[in-house]
Amino acid sequence: MLRRKPTRLELKLDDIEEFESIRKDLETRKKQKEDVEGVGTSDGEGGGAAGLSSDPKSREQMINDRIGYKPQPKPNNRTSQFGNFEF
């Protein structure tokens, strides 16, 4: 592997302005999303967080929906666990 000197990155005024504009855009989107979710689920911002922590099933369901995981129920009989083996 060849060694080389670290590359120097220069921060320009245009880069800073672009970063600030993107950050403001993301903040406004986040605020709009919170407003929409807050109106549909609870009265205040703190109430939504408290509601999620009090009901672990709904929190787990929300996480599963977000990542696209759809758990299948497990059957509780012997043939499903071991197949059709005869002892």
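FYI, side chains are in, hydrogens and waters are out, and symmetry mates aren't considered; it's all heavy atoms of this structure. When a residue number appears, it is its place in the shown sequence, counting from 1.
- Annotation: the span from I22 atom CD1 to E17 atom CD amounts to 12.0 Å, rounded to 0.5 Å.
- Separation of atoms CD (Q61) and NZ (K70) is listed at 9.0 Å; rounding is to 0.5 Å.
- Summarising the geometry, atom CZ belonging to R59 is positioned 11.0 Å from atom CG belonging to N64; distances are rounded to the nearest 0.5 Å.
- Salt bridge R23/E20: present, at least one basic N to carboxylate O contact under 4.0 Å.
- Note: E34 CD to K30 NZ = 5.5 Å, rounded to the nearest 0.5 Å.
- D25 approaches T28 most closely through the heavy-atom pair O-OG1, 2.7 Å.
- The side chain to side chain contact (heavy atoms under 4.5 Å, CB included) test applied to L9 returns no partner, not counting sequence neighbours.
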